[in-house]
Amino acid sequence: MSETSPLAEKREEAARVLREILERMSIDAEVSAFDDGERIILDAHGCESGLVIGKKGATLDSLQYLVSRIVFRTPGEASPIVVDAEGYRGRREDSLADLARRLAEKAVRSGRPVPVEPMSAQDRKVVHKTLAEHPGVRTESEGEGVGRRVVIFPKRSELEHRPA
Amino acid sequence: MTEGDPSPSTPPSDKAPALRELVLYLARALVEHPDAVVVQEVEEPDATVFELKVAESDLGRVIGRQGRTAKALRTVLSAASAKMKRRAILEILED
């Protein structure tokens, strides 16, 4: 496609903003930017990428939120920007997907709903997505704010599916 | 500080000014009226407090829905200050 697509422009702007923030945090990291036509992925790498990630990815999430707000100014709109460091999000997605599948098996075996620990919207999405096609369970988010979590329900029969 | 990388551009020598720059940069990038952004640095015994003032109409842009933007600003500021071995607190002034 063309080199000057709106997303490509935003991609360069987003990469510049992230570089400028990291520089002011005195964090030594390189930023590479890609887009797949839908999402803009900014990956910070270098010896200080641990600082970019933070506890359970908290710094990464905050950087992603701020870069999104700065580059796409409309509040409330879903942003296509993903800030990652050394592929951390991909690794976390893999381990979240594993966890989701294990807990789904537990829900099927026990016949009881299984709550997953509270997590960010992004992480919850991974759990929902992983189990979307699972024949034995359905998922729902419950709770508010930082306590919001996915609950995995066993699906014993179609009849038991709660009407919407 | 003795970091391994002898980067010629920004030697990480003094601490507080860089944090003030960080808050200033982020606030200016978020708001509609960057010229109205003021960041004042207050040294307290156990921490540095950054008092952020923006145009009244821009308060929502630095606080965000359910305080999400303010929380993200604080997380980023803490991450930067952890490296500088000094606690940093962000206060958003509303008056």
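Protein chains get the first letters and strands the later ones, always in sequence-line order, with residue 1 at the start of each. In this text the structure is predicted, and so the values were computed from the model without any measurement.
Residue contact with chain A, scored on non-hydrogen atoms closer than 4.5 Å, involves the backbone and the side chain of B/Leu73 alike. Contact annotation for B/Val31: only backbone heavy atoms (N, CA, C, O) come within less than 4.5 Å of a heavy atom of chain A.
Between chain B and the residues A/Ala58, A/Ser62, A/Gly54, the largest count of heavy-atom pairs under 4.5 Å involves A/Ser62. If you tally non-hydrogen atom pairs under 4.5 Å between each of A/Val17, A/Leu22, A/Asp61 and chain B, the highest count goes to A/Val17. Between chain A and the residues B/Glu32, B/Gln66, B/Lys71, B/Arg68, the most heavy-atom pairs under 4.5 angstrom are made by B/Arg68.
For the 3.5 Å distance criterion, the side chains of B/Glu56 and B/His33 fail to qualify, holding no donor opposite an acceptor. A side-chain donor from one of A/His128 and A/Ser141 sits under 3.5 Å from a side-chain acceptor of the other.
Just one of A/Val127, A/Val126, A/Asp123, A/Leu103 meets the side chain to side chain contact (heavy atoms under 4.5 Å, CB included) condition when paired with A/Val150; it is A/Val127.
Within the model, atoms NZ of A/Lys56 and OG of A/Ser120 stand 10.0 Å from one another, a figure rounded to the nearest 0.5 Å.
The main-chain N or O of A/Arg69 is never found under 3.5 Å from a side-chain atom of B/Arg61 such that the two would form a donor-acceptor pair.
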